[in-house]
Protein chains: 2
Amino acid sequence: MSEPTDDSRRLRVIVADDQAAVREPLAAVLGMSEDIEVVAAAADGTEVLAAVAAAPADVVLMDLRMPVMDGIETTRRLSEEHPQIAVVVLTTFADDESILAALGAGARGYLTKNAGRQDIVRAIRAAAAGQAVLDREVQDRLLATARARPSATERVLPPDLTRREREVLTLIGQGLPNRAIAEKLFISEATVKSHINNLFAKAGIRDRPDAVRRAIAAGLA
Amino acid sequence: MSEPTDDSRRLRVIVADDQAAVREPLAAVLGMSEDIEVVAAAADGTEVLAAVAAAPADVVLMDLRMPVMDGIETTRRLSEEHPQIAVVVLTTFADDESILAALGAGARGYLTKNAGRQDIVRAIRAAAAGQAVLDREVQDRLLATARARPSATERVLPPDLTRREREVLTLIGQGLPNRAIAEKLFISEATVKSHINNLFAKAGIRDRPDAVRRAIAAGLA
DNA sequence: CCGTACCTCCACCCGTGGGTCCAGGTGTGT
DNA sequence: ACACACCTGGACCCACGGGTGGAGGTACGG
């Protein structure tokens with residue numbers, strides 16, 4: 001968050017979209033904003049990388065579906081090699097996978113193509129300032145995905161497991177072999193096996209892989 | 001997303017924070033923006049509700065920690081009774097729980113208190129336009145939480161896994177032993193072991209329990 | 001005082017898992 | 001024609017996992 005947003009210099013923006021019918025008008029309309037300067041237009045990811053190599057830029061307005069190198073991969077490379085450049089995704093698609101992939105790749109904004117000029121300009125300014133702007137729908141989806149996980153310990157495990165058995169199950173769920181569990185609990189490996197046999201019988205667990213799944217499902221791991 | 005952002009009318013903003021030392025200067029500095037009008041200042045949630053009942057507003061800039069009625073509860077009520085009013089959270093705390101609670105309650109923005117005046121103004125404008133603005137840190141946390149239990153296939157697996165190897169990993173993740181996997185894929189157990197050896201080497205998986213965890217984390221199971 | 005639950009540990013058995021090395025068959029691109 | 005990736009399969013070895021059947025310890029409640 002930078003208070004003194006440098007208004008003395010226009011934001012250098014690169015527009016990336018494989019469709020010229022989208023790219024050209026978009027670049028033109030963005031250039032009308034007095035604080036934005038479109039320094040390049042790219043039809044695929046390689047052209048974006050070439051553009052940032054040729055001249056400095058602040059923000060890349062990125063389509064996801066592009067030939068040769070798509071927006072996800074391009075975003076990933078940009079955030080690795082040029083972390084100072086902010087990527088704002090502008091795409092038709094707002095499915096969970098695309099959103100997670102894009103933001104996970106380092107995008108600092110995600111707009112759908114029914115965003116207006118004002119919305120896009122605002123997102124560019126925010127991204128340049130280190131903020132993230134998301135369409136309302138995108139935020140809702142992201143939030144829904146985040147909340148989709150079970151918060152509390154589930155009832156998939158019988159309540160009559162002893163404390164020790166729970167501990168052992170937790171460590172199994174973390175992928176530890178019996179020897180490591182024994183060391184961690186300061187007991188012998190034989191004892192670990194005893195606990196395992198008991199808890200397997202109680203909880204109806206077949207084998208170790210099954211135990212891992214149950215432990216994760218129960219929120220122990 | 002509304003293209004014709006109505007610039008002919010100033011955005012009516014309510015500032016809610018229990019600390020007068022924060023509330024008053026904030027209201028003053030926001031009022032300096034020509035497109036923003038601070039129509040009320042509130043010290044807790046009940047004052048916010050009273051203010052929106054008394055006069056129309058567009059955006060509420062909301063602190064989370066407030067006496068009587070906190071920001072979460074106030075946000076929840078606002079989004080129920082006045083869904084046209086956008087809530088932007090401005091708080092010191094950026095823990096996962098607060099973020100999820102606030103956005104889940106209907107907040108359309110989440111800023112930490114090291115945001116500058118420009119950042120706050122931008123967030124207010126975006127929220128009024130239906131967009132969501134998050135601090136970079138907040139976005140990262142939200143994304144991390146969303147990816148913790150993903151529905152989509154993750155990037156935790158190397159991309160050079162073959163189709164067969166993915167299938168085998170999926171079945172391992174479901175707890176099946178090699179024999180059952182072999183039957184399910186109509187191949188011999190020896191072949192299953194070959195695939196397992198290859199995919200373990202490629203993905204850096206140590207043993208079967210580890211494979212189960214990775215499969216679940218990757219959303220294959 | 002005695003039963004019961006829990007934690008601790010040992011010995012034995014053997015099935016599955018996983019590593020290693022190898023090899024034939026197929027399809028694809030050069 | 002050739003290399004290469006992939007799927008397929010077999011043989012061998014042995015470590016780890018898991019079942020069985022014990023045994024001795026403490027702590028608690030009837």
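A, B, ... follow the sequence lines: proteins, then strands. Residue 1 opens every chain. Computation of the quantities below employed the complete heavy-atom set of this structure, encompassing side-chain atoms and omitting hydrogens, waters and symmetry-equivalent molecules.
- Fit an axis to the five pairs at each end of the helix from C:dC1-D:dG30 to C:dT30-D:dA1 and the two axes sit 40° apart, to the nearest 10 degrees.
- The minimum heavy-atom distance between A:Ser33 and A:Val121, with the atom names listed, is OG-CG2, 3.6 Å.
- Distance B:Glu165 CD to D:dC6 C1': 9 Å, rounded to the nearest Å.
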**Report entry** Full working for side-chain hydrogen bond (donor to acceptor under 3.5 Å, both in side chains) between B:Asp44 and B:Thr46
**Finding:** CA-CA 6 Å; B:Asp44 65 64; B:Thr46 59; 2.3 Å; yes
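- The side-chain heavy atoms of B:Ile216 and A:Arg213, taken from C-beta on, include a pair separated by under 4.5 Å.
- With sequence neighbours left out, the side chain to side chain donor-acceptor pair (under 3.5 Å) criterion links B:Thr191 to B:Ser188.
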Please tabulate the protein-to-nucleotide N/O contacts below 3.5 Å involving nucleotides 15-19 of chain C, giving atom names and distances.
residue: C:dG17; atom: OP2; partner: B:Asn178; partner atom: ND2; Å: 3.4
residue: C:dG18; atom: OP1; partner: B:Arg208; partner atom: N; Å: 2.4
residue: C:dG18; atom: OP2; partner: B:Arg208; partner atom: NE; Å: 2.8
residue: C:dG18; atom: N7; partner: B:Lys193; partner atom: NZ; Å: 2.8
residue: C:dG18; atom: O6; partner: B:Lys193; partner atom: NZ; Å: 2.5
residue: C:dG19; atom: OP2; partner: B:Asn197; partner atom: OD1; Å: 2.5

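- Heavy atoms of B:Thr191 sit under 4.0 angstrom from at least one base atom.
- Taking 4.5 Å as the limit, some side-chain heavy atom of A:Ile187 sits within range of a side-chain heavy atom of A:His195.
- Pairs engaging residues 67-77 of chain B under the salt bridge (Lys or Arg N to Asp or Glu O under 4.0 Å) rule: B:Glu73-B:Arg76, B:Glu73-B:Arg77, B:Arg76-B:Glu80 [sequence neighbours left out].
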**Report entry** side-chain contact (heavy atoms from CB on, under 4.5 Å) between A:Tyr110 and A:Thr91, worked out
**Finding:** CA-CA 8 Å; A:Tyr110 198 111; A:Thr91 180; 3.4 Å; yes
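- Of the residues near DNA chain D, B:Leu161 and B:Ala190, the one whose nearest nucleotide (by heavy atom distance) lies more toward the 5' end is B:Leu161.
- With sequence neighbours excluded, no residue satisfies side chain to side chain donor-acceptor pair (under 3.5 Å) with A:Ser79.
- A pairwise comparison of heavy atoms in B:Leu169 and B:Ala211 identifies CD1-O, 3.7 Å as the closest pair.
- Summarising the geometry, the separation between NE2 on B:His195 and P on D:dC6 is reported as 11 Å, rounded to the nearest angstrom.
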Residues 15-29 of chain A, side-chain donor-acceptor partners within the protein, below 3.5 Å, at least two apart:
residue: A:Asp17; atom: OD1; partner: A:Gln19; partner atom: N; Å: 2.9
residue: A:Asp17; atom: OD2; partner: A:Lys113; partner atom: NZ; Å: 2.9
residue: A:Arg23; atom: NH1; partner: A:Asp17; partner atom: O; Å: 2.6

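- Residues B:Ala128 and B:Val59 come closest through the heavy atom pair CB-CG2, 3.9 Å.
- Separating the CG atom of B:Asn198 from the P atom of D:dC7 is a distance of 9 Å, rounded to the nearest angstrom.
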Query raised in the report: For every nucleotide of nucleotides 24-30 of chain C, 5' to 3': is a protein heavy atom under 4.0 Å from its base (B), only from its sugar-phosphate (S), or from neither (-)?
Result: -------
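- Between D:dA5 and B:Thr162, no contact under 4.0 Å exists linking OP1 or OP2 to a side-chain N or O.
- A:Asp58 has a carboxylate O that lies under 4.0 Å from a charged side-chain N of A:Arg12, or vice versa, which qualifies the two as a salt bridge.
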Report task. Dump the intermediate steps for side-chain hydrogen bond (donor to acceptor under 3.5 Å, both in side chains) on B:Arg136 and A:Gln131, then the final yes or no. Result -> CA-CA 5 Å; B:Arg136 176 125 184 84; A:Gln131 287 179 318; over 6 Å; no
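- When each of B:Ser194 and A:Arg163 is assigned the nucleotide of DNA chain C bearing its nearest heavy atom, the one mapping closer to the 5' terminus is A:Arg163.
- Heavy-atom distances under 4.0 Å link DNA chain C to no residue of residues 181-188 of chain B.
- Applying the side chain to side chain donor-acceptor pair (under 3.5 Å) test to pairs two or more places apart or on separate chains, none has a residue in residues 60-69 of chain B.
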Between the protein and nucleotides 24-30 of chain D, which nitrogen or oxygen pairs come in under 3.5 angstrom?
none

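- The salt bridge (Lys or Arg N to Asp or Glu O under 4.0 Å) pairs that include a residue from residues 176-203 of chain A are A:Glu165-A:Lys202, where partners are two or more places apart or lie in different chains.
- Every side-chain contact (heavy atoms from CB on, under 4.5 Å) that A:Asp207 has, sequence neighbours left out, goes to A:Pro209, A:Asp210.
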